[in-house]
Amino acid sequence: MSTWPNIWGEVNLTRDCEGEDTEGAEDNLLSILRDKNIKARNAHCLFSQQIKERDFSPLLKSKFNTVCFTETPLPQISSLLRDLPGRNVKLRPYGLVFWRKGLVDRGANPAIYVNAMGGNNLRSYLLDQFNEHFQDVKTLKIFQKQESYFQELIHYYSLINVISERHDFAWEREWRILGDFKFQYEDLVAIIAAKPQQFLDRCEHILNEPAMRSIRRTPMISPNWNYEQILEEMSVLLRRNKSAA
């Protein structure tokens, strides 16, 4: 069973969007499938608060935004949906599974979790380093002039989080991609939906026929299914697609 995550790849779960254009997680997933694009809406790193509070231009702030994935095995996805202390984001039972190799080829990196317990000062050091790098920086253009590796530094800082007494999500085995993640339907390993048949019916009413030809060939699984149920769905679709080829 330990080989399944590497075969199936990485999972991106949706959530309810906030703001004026409030959108539920199911609608959010439909929009992602329609546009073939997962938007990087926020920074998820140790420096998120500094990025918000500093007088950065909107463009510079957006450069820290990432799309997040997890290596959590599919039969254990439901564990990510619980209310967890220290987490500000409420994940919902809707998402996409991508081939891991495809994400690595696109520049995905594991999130870096630094241990800030045991009296060490790594967290303070990293925050000081961030503040030093961006001391007189307000725009991406200024940072580009100051740092030869400006893109690499932004990428590096976007990956860092800490493990503390109140906050430890290293077990999620998170990967991140900097910026929006555009994909093709053939990149999908599976679609996750609370009620797969109901979600497929909604797709039929909203997505166009070329898109649906790909969606119907993609396994659709519930995060509440066990290992055997997921394996059966994947196997049935694999045989069906092979016979149709």
Side-chain angles (χ1 to χ4, degrees), residues 5 8-45 48 62 65-100 102-103 108 111 161 169 171-185 187-208 211-212 214-226 229-230 233-234 237:
W8 286 353
E10 309 281 344
V11 179
N12 173 272
L13 293 174
T14 61
R15 56 175 172 160
D16 298 332
C17 292
E18 300 177 354
E20 295 181 3
D21 299 322
T22 302
E23 189 176 50
E26 184 177 353
D27 293 325
N28 191 18
L29 180 55
L30 283 165
S31 297
I32 289 171
L33 286 170
R34 181 193 63 220
D35 300 336
K36 293 183 286 187
N37 184 32
I38 304 175
K39 294 182 180 180
R41 299 180 183 273
N42 298 292
H44 300 279
C45 55
S48 299
S62 71
N65 294 352
T66 56
V67 174
C68 302
F69 303 85
T70 176
E71 274 189 337
T72 302
L74 295 184
Q76 299 173 23
I77 287 299
S78 60
S79 64
L80 300 175
L81 306 176
R82 302 193 305 263
D83 290 326
L84 298 172
R87 173 187 274 162
N88 297 321
V89 174
K90 173 63 177 176
L91 298 175
R92 301 296 184 182
Y94 297 93
L96 300 174
V97 187
F98 295 92
W99 296 111
R100 182 183 181 193
L103 295 185
N161 285 82
F169 291 102
W171 60 271
E172 290 185 343
R173 297 157 68 180
E174 184 183 356
W175 287 63
R176 294 175 186 168
I177 283 184
L178 202 61
D180 293 353
F181 180 71
K182 298 179 180 180
F183 62 91
Q184 300 300 319
Y185 293 125
D187 298 326
L188 294 173
V189 180
I191 298 170
I192 296 172
K195 298 179 179 179
Q197 186 57 54
Q198 180 176 303
F199 183 74
L200 182 60
D201 292 341
R202 285 205 66 193
C203 289
E204 295 279 3
H205 285 91
I206 293 175
L207 302 179
N208 60 33
M212 285 310 304
S214 296
I215 299 300
R216 294 187 198 105
R217 293 196 297 266
T218 305
M220 195 168 293
I221 61 178
S222 169
N224 297 316
W225 287 358
N226 60 31
Q229 290 172 302
I230 294 173
E233 174 70 6
M234 301 289 288
L237 265 294

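All values reported here derive from a predicted model rather than from experimental measurement. All values below were derived from every heavy atom in this structure, side-chain atoms included, with hydrogens, water molecules and symmetry-related copies excluded.
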**Q** Is the backbone of A40 close enough, under 3.5 Å, to the side chain of D180 for a donor and an acceptor to pair up by distance?
**A**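 Yes: the side chain of D180 pairs with the backbone of A40.
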**Q** Look at the side chain of N161 and the backbone N and O of H44, then say whether any donor-acceptor pair between them is shorter than 3.5 Å.
**A**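 Side chain of N161 to backbone of H44, a donor-acceptor pair under 3.5 Å: yes, one is there.
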**Q** For V189 and M234, run side-chain contact (heavy atoms from CB on, under 4.5 Å): C-alpha distance rounded to whole Å, both residues' side-chain angles, the deciding distance at 0.1 Å, then the answer.
**A** CA-CA 9 Å; V189 180; M234 301 289 288; 3.7 Å; yes
**Q** Keeping the roles fixed (side chain from Y185, backbone from L33), state whether a donor-acceptor pair exists under 3.5 Å.
**A**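 Side chain of Y185 to backbone of L33, a donor-acceptor pair under 3.5 Å: yes, one is there.
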**Q** Is any side-chain heavy atom of L29 closer than 4.5 Å to a side-chain heavy atom of I191?
**A**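 Yes, side chains in contact.
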**Q** As an exercise, state the distance from CG of L207 to OG of S31, rounded to the nearest 0.5 Å.
**A**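 Going from CG on L207 over to OG on S31, the span is 9.5 Å.
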**Q** Can you see which heavy atom on I192 is nearest to which on P223, and at what distance?
**A**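 It is CG2-CD, 3.7 Å.
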**Q** Is there a side-chain contact between I215 and M220 (heavy atoms, below 4.5 Å)?
**A**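 Yes, their side chains come closer than 4.5 Å.
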**Q** Ignoring hydrogens, what is the shortest heavy-atom contact between C68 and E174? Give both atom names and the distance.
**A**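 The pair with the smallest heavy-atom distance is SG-OE2, 3.0 Å.
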**Q** Working to the nearest 0.5 Å, report the span between CD1 of I230 and CG of N224.
**A**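 If I round to the nearest 0.5 Å, the distance is 9.5 Å.
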**Q** Can K36 and Q184 be said to form a side-chain contact (heavy atoms from CB on, under 4.5 Å), step by step?
**A** CA-CA 6 Å; K36 293 183 286 187; Q184 300 300 319; 3.5 Å; yes
**Q** Report the C-alpha distance between F199 and L30 in whole Å, list the side-chain angles of each, state the deciding distance to 0.1 Å, and finish with yes or no for side-chain contact (heavy atoms from CB on, under 4.5 Å).
**A** CA-CA 9 Å; F199 183 74; L30 283 165; 3.7 Å; yes
**Q** Within the distance-only criterion (no hydrogens, no angle test), does the side chain of R202 pair as donor or acceptor with the backbone N or O of E26 below 3.5 angstrom?
**A**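 No.
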**Q** Only one of L103, I32, T66 clears side chain to side chain contact (heavy atoms under 4.5 Å, CB included) with F181; which?
**A**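 Only one of L103, I32, T66 forms a side chain to side chain contact (heavy atoms under 4.5 Å, CB included) with F181, namely L103.
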**Q** Does any N or O in the side chain of Q229 come within less than 3.5 Å of the main-chain N or O of N226, such that one atom is a donor and the other an acceptor?
**A**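 Checking the backbone N and O of N226 against the side chain of Q229, a donor-acceptor pair under 3.5 Å is found.
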**Q** In Å and rounded to the nearest 0.5 Å, what is the CE to CZ distance from M212 to R217?
**A**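 Those atoms lie 10.5 Å apart.
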**Q** Checking side-chain contact (heavy atoms from CB on, under 4.5 Å) for the pair L200/Q197: CA distance, chi angles, key distance, verdict?
**A** CA-CA 5 Å; L200 182 60; Q197 186 57 54; 4.1 Å; yes
**Q** With respect to F183, which candidate in W99, F98, F69 satisfies the ring pair (Phe, Tyr, Trp, His ring centres under 6.0 Å) definition?
**A**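 Testing each of W99, F98, F69 against F183, the sole residue satisfying ring pair (Phe, Tyr, Trp, His ring centres under 6.0 Å) is F98.
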